[in-house]
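We name chains A, B, ... by the order of the sequence lines, and we start the count at 1 in each one. Remember, it's a predicted structure, so these values are computed and weren't measured experimentally.
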2 protein chains.
Amino acid sequence: MTVTSVHDPSHREALWELEDAFERGDLVSLFGRCTVSYEGRAASDLGAGDRLVVLKPDGAALVHTDEGRQPVNWQPPGSEHRAAVREGRLRVRSTRSNPDETLTISFDRVHQLSAMAVTGGRNLTLHGSEEDLRTRVLERPDLVEPGFEPRETERPSSAGPMDVFGVDADGNPVVVELKRRRVGPDAVGQLARYVRALEEELGAVGGDASPAVRGILVAPSVTDRAADRLADRGFDHVALDPTSEE
Amino acid sequence: MTVTSVHDPSHREALWELEDAFERGDLVSLFGRCTVSYEGRAASDLGAGDRLVVLKPDGAALVHTDEGRQPVNWQPPGSEHRAAVREGRLRVRSTRSNPDETLTISFDRVHQLSAMAVTGGRNLTLHGSEEDLRTRVLERPDLVEPGFEPRETERPSSAGPMDVFGVDADGNPVVVELKRRRVGPDAVGQLARYVRALEEELGAVGGDASPAVRGILVAPSVTDRAADRLADRGFDHVALDPTSEE
DNA sequence: CAGTGCATCTCGATC
DNA sequence: GATCGAGGTGCACTG
């Protein structure tokens, strides 16, 4: 493991180190006083201040202040980093196309620059996602309601794929929408689109009156407004979360 | 400006530097080989690998690999960082409550540690947001359609605040939903909720038959499915983006 | 490539 | 504190 690190470099020194780091495919961390400007999907300007700049070998660029989980400015992966010294300032520019976007970071001083080769070790195992909730529902359909039988997951429809499609104890078609956390009215709208699409499809196929398609929203909880909309549509809510035991 | 920087520190040295940095309210950048585990809203484990860890004085923690704009693991602002040496490893733990969440980073080696005081300079001026689009519509209502008169922004309704409320040339009430970029069916659902809420409100107030409430979606463009849904509901789409001249 | 929906989404405003 | 909607959302997956 090789880490390159320079303290209070001149712009020239910083430039060399940056170009070497880009060449090697290193991950770069830069402390310094800079201004930042962005132009692309939107446009922004950030006045002078001390920040942490991260440049990744996959083209991602991050500008972090002392606050927030989100970078104050950034460039997505797939961008290209370039560095130059212009008018006594170290300029780092990251560009991409589709959409055309440019992030320009202009340092009047670099306090610290580090670069390290960072490869592999990206395998994250995550639990508690919507997929886990689906797994629970498929293993224990009775948790949705007694007699519920899942028939298909990601079932296609004209409104997009529905999470779980099945039938209830009376043989009625059921659309289940899964959400890993408390939901608002938007989730009910999503469920309604799937139910409507399925009603049209079954009605069209059968030729006679559309069969009653039920909608069930499986989520830990729902907001008041979502509950109202569920009631309006005649949908059910089943309280279930991805991790709980029973 | 003071930057503290240590190369290949022992765990003890790294611990001292970390505790000092936390004390001073510095922003910390840490290169090293580590494992990461998270438990809270979900749970995850990340095997050993070289990563960049950023610890902010506001409590945010970020674990970055060589790829992606997103950190592979993180902790939101408001968390508390603590460091300790346990069983020959440097352990950095960030915890918060509501919800209870813990991020644990365990280093078997620290390659590089830097800390810097980073304050202020967070004022970003951004152009091209939905608010800019609203400003355009209010200054040039004819861009929506000739004779359109905005009456209110963020007008409250039982379905939440609508972006712009106004009347058309014939005096019909109009709900305008603004989107800064190309939209899918969800935006139509949002607009439909506002229109329905307003219809119920005006119908209830007037006592007689509900007046015709129009819905207009202002966005650069819409997907096919969104266009279908707009047509279903009888809503209009006006092509407009936040930045264009005309 | 665009479209669609999930996310430990984050973040700010508002109630 | 909960709710709601915007975001330069990012991101994976599908057609």
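- Judged by the 6.0 Å and 45° rule, Arg151(B) forms no cation-pi pair with Phe165(B).
- Note: CG (Leu124(B)) to C1' (dG7(D)) measures 13 Å, nearest angstrom.
- Taking atom CG on Leu62(A) and atom P on dT10(C), their separation rounds to 16 Å, with Å as the unit.
- For Asp163(B) and dT14(C), the CG to C1' distance is 15 Å, given to the nearest whole Å.
- Whole-Å rounding puts the Asp186(A) CG to dA6(D) P distance at 11 Å.
- Of the candidate nucleotides dA7(C), dT4(C), dT10(C), dA7(C) has the atom nearest to the side chain of Ser129(A).
- At the heavy-atom level, Arg193(A) lies under 4.0 Å from the strands shown only through sugar-phosphate atoms.
- Residue Arg182(B) is the one, among Glu130(A) and Arg182(B), whose nearest nucleotide of DNA chain C lies closer to the 5' end (criterion: closest heavy atom).
- The phosphate of dG5(C) (OP1 or OP2) has a side-chain N or O of Tyr194(A) nearer than 4.0 angstrom.
- Along DNA chain D, the nucleotide nearest Glu131(B) and the nucleotide nearest Val222(A) are compared for position; the residue whose nucleotide lies closer to the 5' end is Val222(A).
- Every residue two or more places apart in sequence or in another chain that forms a side chain to side chain contact (heavy atoms under 4.5 Å, CB included) with Gln70(B) is listed here: Arg69(A).
- For the OP1/OP2 pair of dT10(C) and a distance below 4.0 Å, the side-chain nitrogens and oxygens of Trp74(B) include at least one atom meeting the criterion.
- Close to dC9(C), at under 4.0 Å from its OP1 or OP2, lies a side-chain N or O of Arg180(A).
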Find every protein N or O atom lying less than 3.5 Å from an N or O atom of nucleotides 11-13 of chain C, and list the pairs.
unit_1: dC11(C); atom_1: OP1; unit_2: Arg69(A); atom_2: N; d: 2.7
unit_1: dC11(C); atom_1: OP1; unit_2: Gln70(A); atom_2: N; d: 3.0

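- Nearest heavy atom pair, residue Arg41(A) against residue Pro76(A), reads NH2-CG, 4.2 Å.
- Ala159(A) comes within 4.0 angstrom of sugar-phosphate atoms only, judged by non-hydrogen atoms across all strands, and of no base.
- dC4(D) atom C1' lies 14 Å from atom CE of Met162(B), rounded to whole Å.
- Counting non-hydrogen atoms under 4.0 angstrom, Asp224(A) reaches nothing in the nucleic acid.
- Ser44(A) comes within contact range of no nucleotide atom at all, as no heavy-atom separation falls under 4.0 Å.
- Regarding His64(A), its NE2 atom lies at a distance of 13 Å from the P atom of dT10(C), rounded to whole Å.
- Taking only side-chain atoms of Lys179(A), from C-beta outward, the nucleotide of dT4(C), dC6(C), dA6(D) with the closest atom is dC6(C).
- Going from the C1' atom of dG7(D) to that of dC6(C) covers 15 Å, rounded to whole Å.
- Nucleotides dT8(C) and dT14(D) place their C1' atoms 25 Å apart, quoted to the nearest Å.
- Checked against dC4(D), dA2(C), dT4(C), the side chain of Thr223(A) finds its nearest nucleotide in dC4(D).
- If you check every strand for non-hydrogen atoms under 4.0 Å, Glu154(A) touches nothing.
- Contact annotation: Arg41(B) does not reach the phosphate of dC6(C) (side-chain N/O to OP1 or OP2, under 4.0 Å).
- At least one side-chain heavy atom of Arg122(B) sits under 4.5 Å from a side-chain heavy atom of Glu67(A).
- Put simply, CZ on Arg155(B) is 15 Å from P on dG5(D), counting in whole angstrom units.
- Atom CG in Leu46(A) sits 10.0 Å away from atom CG in Leu103(A) (nearest 0.5 Å).
- Among the atoms of the strands shown, only primed sugar atoms or phosphate atoms (P, OP1, OP2) are found under 4.0 Å from some heavy atom of Asn98(B).
- Contact annotation for Arg181(B): base contact, defined as any heavy-atom pair under 4.0 Å involving a base atom.
- Considering every non-hydrogen atom in both Ala42(A) and His127(B), the closest pair reads CB-O, 3.1 Å.
- Each of Arg134(B), Glu131(B), Arg136(B) was evaluated against Leu178(B); a single residue qualifies, Arg134(B), per the side-chain contact (heavy atoms from CB on, under 4.5 Å) test.
- Under the 4.0 Å criterion applied to side-chain N and carboxylate O atoms, Glu130(A) and Arg180(A) are not assigned as salt-bridge partners.
- Using atom P as the reference point in both dC4(D) and dG8(D), the two lie 22 Å apart (nearest Å).
- With 3.5 Å as the limit, one finds no donor-acceptor pair spanning the side chains of Glu177(B) and Tyr194(B).
- For Gln190(B), the listed nucleotide lying nearest its side chain is dA6(D); candidates were dT8(C), dT9(D), dA6(D).
- Residue Gln75(A) contributes atom CD, which lies 13 Å from atom C1' of dG10(D) at whole-angstrom precision.
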